[in-house]
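See structure below.
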Amino acid sequence: MDTILQILGEHKILLDRIGSDNSIVQNIMAIFPINTDESLKQLEDLLATQSDSYIRQMKNLIGGNVARNLHLIFGKSIIMNYNVDGTFGKKSLSKYGKVHAAIIDVISMYDKCSDKALRTAFQRQQVKKQ
């Protein structure tokens, strides 16, 4: 009887852990695409403490093609109002150092010129979203 109670106790702990992991995954998926300045700031803060999970999700969303899939990370509002340097009357993505570094790291997995690829992706998405 004690063995059964012990096994049930272990299963309860495992089920609680799975439920907790599931809520973390849902929180990670819910943040993308980022559509507001507040969400961008929130991601900046999250990357300071939980970067691995968010970078992994960004990698999954990019799927090897930043020019085609950038909109899965950054929504229309961010794409239209930001660029890397904040030139031409737009806001600067590089102001958010952790977000910028994370997206550059993700892109560098697929492209040697990750900075250029990010700039090109923003330009292409901006044209596409007009």
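All figures in this text were calculated on a predicted structure; none of them were measured in a lab.
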### Task
Under the ring-ring contact (aromatic ring centres under 6.0 Å, His included) rule, collect the residues that match up with F122, sequence neighbours excluded.
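Residues passing ring-ring contact (aromatic ring centres under 6.0 Å, His included) with F122: F74.
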4.5 Å side-chain heavy-atom contact, [X] and [Y]:
X: I55; Y: I103; result: no
X: L70; Y: L118; result: yes
X: L43; Y: F32; result: yes

Between [X] (side chain only) and [Y] (backbone N and O only), is there a donor and an acceptor less than 3.5 Å apart?
X: S77; Y: T36; value: no
X: E44; Y: V99; value: yes
X: T120; Y: A117; value: no

Distance, nearest 0.5 Å, that separates [atom1] of [X] from [atom2] of [Y]:
X: I78; Y: H71; atom1: CD1; atom2: NE2; value: 15.0 Å
X: Q50; Y: D45; atom1: CD; atom2: CG; value: 11.0 Å
X: L93; Y: D85; atom1: CG; atom2: CG; value: 9.5 Å
X: L46; Y: I31; atom1: CG; atom2: CD1; value: 5.0 Å
X: M58; Y: L72; atom1: CE; atom2: CG; value: 11.5 Å

Return the minimal non-hydrogen interatomic distance between [X] and [Y], and the atom names on each side.
X: P33; Y: G75; result: CB-N, 3.7 Å
X: D111; Y: C113; result: OD1-N, 2.9 Å
X: A67; Y: Q125; result: O-NE2, 2.8 Å

### Task
For R56 and D52, run salt bridge (charged side-chain N to carboxylate O under 4.0 Å, His left out): C-alpha distance rounded to whole Å, both residues' side-chain angles, the deciding distance at 0.1 Å, then the answer.
CA-CA 6 Å; R56 193 174 316 116; D52 290 344; 5.4 Å; no
### Query
Does the side-chain contact (heavy atoms from CB on, under 4.5 Å) test come out yes or no for K76 and Q126, once each step is laid out?
CA-CA 8 Å; K76 181 178 179 179; Q126 286 168 353; over 6 Å; no
#### Entry: D115: side chain to side chain contact (heavy atoms under 4.5 Å, CB included) partners, not counting sequence neighbours
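For D115, the residues satisfying side chain to side chain contact (heavy atoms under 4.5 Å, CB included) (neighbours in sequence not counted) are V84, H100, I104, R119.
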### Query
So with a 6.0 Å cut-off around NZ of K98, is the heavy-atom count from everything else above 12?
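Counting neighbours around NZ of K98, 12 or fewer heavy atoms of other residues, nucleotides or ligands fall under 6.0 Å, so no.
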### Query
Going through the distances and angles, do Y110 and V66 end up as a side-chain contact (heavy atoms from CB on, under 4.5 Å)?
CA-CA 9 Å; Y110 305 106; V66 68; over 6 Å; no
### Query
side chain to side chain donor-acceptor pair (under 3.5 Å) with S92: which residues, sequence neighbours excluded?
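With neighbours one apart ignored, the set is S94.
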### Task
Give me the one residue out of N81, D37, N83 that meets side-chain hydrogen bond (donor to acceptor under 3.5 Å, both in side chains) with K91.
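Among N81, D37, N83, the one meeting side-chain hydrogen bond (donor to acceptor under 3.5 Å, both in side chains) with K91 is D37.
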